[in-house]
Amino acid sequence: MADSVSGITGKVVRSVDWTNWAGTETSRLARVANPRSEADVVDEIRRAARKGLRVKAIGAGHSFTGVAVTDGVQLRLGALTGITSIDATRGEATVRAGTPLHVLVEELAAFGHALPNLGDIDRQSLAGAAATGTHGTGLRLTGLSAGVRALRMVLADGSVVDCSPTREPDLFQAARLGLGALGVVTEITVAVVPAFLLHAVERPERLPDVLAHVDAVAETNDHFEFYWFPHTDRALTKRNNRVPEGTARRPLRAWRERLDDDLLSNRVFELTNRVATRVPRSTRGINAVAARALGSRQYTDSSHKVFVTAREVRFVESEWAFPRAALGEVVQELRAWVDTHDERISFPVECRVAAADDVWLSTAYEQESCYVAVHRYHRQPRGAYFDAFEAIAVNHRGRPHWGKLHTRDADYLRSVYPRFDDFLAVRDRVDPQRRFANPYLDRVLGA
């Protein structure tokens with residue numbers, strides 16, 4: 001690891017290596033900063049500008065793409081955490097940008113509130129999740145970025161800007177899902193609702209039956225998703241629905257939670273993936289067993305405890321959004337590819353639906369969407385699987401998740417995002433020197 005000299009302090013500081021959660025991206029950093037206030041963020045950005053360094057804020061590093069990579073100054077926002085205010089009348093909370101989602105939902109619960117929707121992983125920071133388009137499932141519910149009501153951010157020149165639908169509206173529209181390309185968000189106001197319980201029903205079903213009824217099931221449940229186990233015709237379905245006020249909380253029994261969510265879904269799953277990596281021909285049999293190992297279960301619990309699944313097994317992922325009507329065709333095409341190629345896929349394929357929204361770079365911009373996500377164990381080669389899935393996705397004019405693996409560039413993305421050039425115009429205005437650029441953004445947005 002090379003040494004470098006700081007022009008600000010005159011001290012020799014050691015360059016720093018950084019790796020994201022999945023190990024798909026690494027970088028050597030000129031400097032790591034841990035700002036404890038918005039003023040510190042301003043100082044760091046101005047210092048970087050004087051030294052000609054690029055800047056990137058980082059949350060949990062949970063994106064699989066290089067969206068958070070920098071060779072300059074990495075701002076770790078872990079000290080900028082916590083709720084600063086809640087307005088129950090307006091149904092919104094103002095939160096410091098570095099707050100992890102798992103911390104935010106617990107703090108909201110303490111005040112009797114919740115996020116209206118949530119993905120199945122809650123390790124990300126609020127700012128990072130919004131900036132990359134994190135979403136949950138539910139045909140009447142949008143992703144996290146669509147629930148952003150206002151933002152406070154530091155721009156490339158060190159100025160601090162508040163933006164909302166009525167104040168700097170174009171910057172607001174772009175920054176709700178800004179990819180870290182416009183500035184460093186320090187505070188976010190998000191929509192919240194009174195805390196609520198969800199009744200969860202999870203059960204294995206045959207994939208042909210799931211696809212035959214997917215539209216009706218999605219329309220009659222608050223949240224619906226399913227996981228198809230490749231090399232089998234089996235899927236695990238999940239239906240989550242709000243319960244009437246006053247319904248008793250009936251969480252999973254402790255032994256069942258330990259069995260399903262700790263032992264089977266994490267420890268045993270880690271072991272079976274290691275076996276499948278060393279002995280690929282065992283994958284079909286492992287999937288056949290896994291598809292039946294997680295049996296039916298029902299429980300009622302706080303919304304965030306139902307939404308979130310503990311994920312301790314590391315993986316890499318690619319996820320694409322499509323118009324909702326394409327779900328069955330996309331899954332069938334992917335299944336046909338798996339069945340006719342010599343690849344062994346040990347991770348289930350995740351399928352979800354979500355409402356349309358108006359966020360410029362949202363994968364659900366102006367379309368009810370379905371999401372299909374493919375994964376591979378982090379120790380396994382990706383092979384041709386991800387490339388084959390991307391080819392299917394492109395054929396359906398899909399939109400790749402900004403934080404998950406894909407190879408598309410600005411020309412393709414412009415063709416599927418009607419407001420793409422509006423976003424670029426905002427970027428040109430607030431960051432003409434590309435202080436917040438990196439190779440990933442150069443590819444997906446253009447240099």
Side-chain angles (χ1 to χ4, degrees), residues 19-26 60-64 102 119-124 200 202-207 225-238 251-297 299 305-319 334-335 337-339 341-352 372-386 388-389 404-405:
T19 302
N20 66 345
W21 178 85
T24 54
E25 295 288 341
T26 60
H62 216 285
S63 290
F64 301 88
H102 66 93
D120 63 356
I121 295 177
D122 62 0
R123 300 294 101 180
Q124 313 97 313
E202 303 172 8
R203 63 173 180 254
E205 300 182 43
R206 294 181 63 253
L207 179 65
E225 60 188 308
F226 67 90
Y227 297 78
W228 164 56
F229 292 81
H231 313 297
T232 79
D233 69 348
R234 308 294 292 179
L236 177 69
T237 61
K238 295 187 176 184
L252 281 172
R253 292 179 181 271
W255 69 266
R256 183 67 186 269
E257 185 174 14
R258 286 195 299 271
L259 174 65
D260 289 350
D261 299 338
D262 182 25
L263 182 61
L264 293 178
S265 295
N266 283 298
R267 299 188 189 192
V268 171
F269 193 47
E270 173 73 33
L271 177 61
T272 58
N273 272 282
R274 292 191 180 201
V275 171
T277 302
R278 293 177 183 176
V279 189
R281 66 177 180 273
S282 67
T283 304
R284 292 178 184 270
I286 288 172
N287 281 11
V289 172
R292 290 171 170 79
L294 295 173
S296 300
R297 65 182 193 177
Y299 58 100
K305 294 182 179 180
V306 175
F307 285 136
V308 174
T309 303
R311 297 283 187 91
E312 296 178 11
V313 180
R314 292 191 183 245
F315 56 89
V316 296
E317 180 178 0
S318 176
E319 182 180 59
L334 182 61
R335 183 182 185 186
W337 187 91
V338 170
D339 288 346
H341 289 76
D342 189 26
E343 294 251 355
R344 299 293 182 263
I345 313 302
S346 58
F347 259 77
V349 174
E350 183 179 12
C351 302
R352 295 179 281 175
V372 178
V374 300
H375 314 70
R376 295 219 76 158
Y377 182 54
H378 72 112
R379 298 175 186 271
Q380 295 174 346
R382 293 174 210 165
Y385 183 45
F386 279 27
F389 176 52
K404 299 178 184 180
L405 297 178

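Just so you know, residue 1 is the first one in the sequence shown, and it goes up from there.
To the nearest 0.5 Å, atoms OG1 (Thr237) and CZ (Arg206) are separated by 13.5 Å. Taking OG of Ser63 as the start and CD of Glu317 as the end, the distance is 10.5 Å to the nearest 0.5 Å. Rounded to the nearest 0.5 angstrom, Leu252 CG and Arg297 CZ are separated by 4.5 Å. Here CG of Leu334 is found 8.5 Å from SG of Cys351. Values are rounded to the nearest 0.5 Å. Rounding to the nearest 0.5 Å gives a distance of 11.0 Å between CZ of Phe226 and CG of Leu236.
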Would Arg382 and Glu343 count as a salt bridge (charged side-chain N to carboxylate O under 4.0 Å, His left out) here? Give the steps. CA-CA 10 Å; Arg382 293 174 210 165; Glu343 294 251 355; over 6 Å; no

Could you please spell out the steps behind the ring-ring contact (aromatic ring centres under 6.0 Å, His included) verdict for Phe269 and Phe347? CA-CA 9 Å; Phe269 193 47; Phe347 259 77; 4.7 Å; yes

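Looking at heavy atoms from C-beta onward, Phe389 lies in side-chain contact with Ser318 at the 4.5 angstrom threshold. Between Ile345 and His375 there is no side-chain heavy-atom pair separated by less than 4.5 Å. A heavy-atom distance below 4.5 Å is not found between the side chains of Tyr377 and Val316.
Residues Ser346 and Gln380 come closest through the heavy atom pair OG-NE2, 3.3 Å. In terms of heavy-atom proximity, Tyr227 sits nearest to Pro348 at CB-CB, 4.0 Å. The two residues Asn287 and Pro230 come nearest to each other via the heavy atoms ND2-O, 2.8 Å. Closest of all the heavy-atom pairs between Trp228 and Arg234 is CD1-O, 3.3 Å. The two residues Val275 and Ile286 come nearest to each other via the heavy atoms CG1-CD1, 4.1 Å. In plain terms, the two heavy atoms of Gln124 and Ile121 that are nearest each other are OE1-O, 2.9 Å.
Remark: Ser296 pairs with Arg203, Pro204 by the side chain to side chain contact (heavy atoms under 4.5 Å, CB included) rule, at least two apart or across chains. Listed by chain and number, the residues in a side chain to side chain contact (heavy atoms under 4.5 Å, CB included) with His341 are Trp337 (sequence neighbours excluded). In terms of the side chain to side chain contact (heavy atoms under 4.5 Å, CB included) criterion, residue partners of Thr26 (sequence neighbours excluded) are, by chain and number, Thr19. Arg284 pairs by the side chain to side chain contact (heavy atoms under 4.5 Å, CB included) definition with His231, Arg344, not counting sequence neighbours.
Screening residues 274-283 for salt bridge (Lys or Arg N to Asp or Glu O under 4.0 Å), with sequence neighbours left out, gives Glu270-Arg274.
Side-chain atoms of Thr24 come within 3.5 Å of backbone N or O of Phe64 as a donor-acceptor pair.
Looking at Lys238 and Glu225, no side-chain N of the basic residue comes within less than 4.0 Å of a carboxylate O on the acidic one, giving no salt bridge. A salt bridge links Glu319 and Arg352; the closest N-O separation between the charged side-chain nitrogens and carboxylate oxygens is under 4.0 Å.
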Show every donor-acceptor pair shorter than 3.5 Å between a side-chain atom in residues 306-315 and any protein atom, with sequence neighbours excluded, or say none if there are none.
unit_1: Arg311; atom_1: NH2; unit_2: Asp120; atom_2: OD2; d: 2.6
unit_1: Arg314; atom_1: NH1; unit_2: Trp21; atom_2: O; d: 2.3

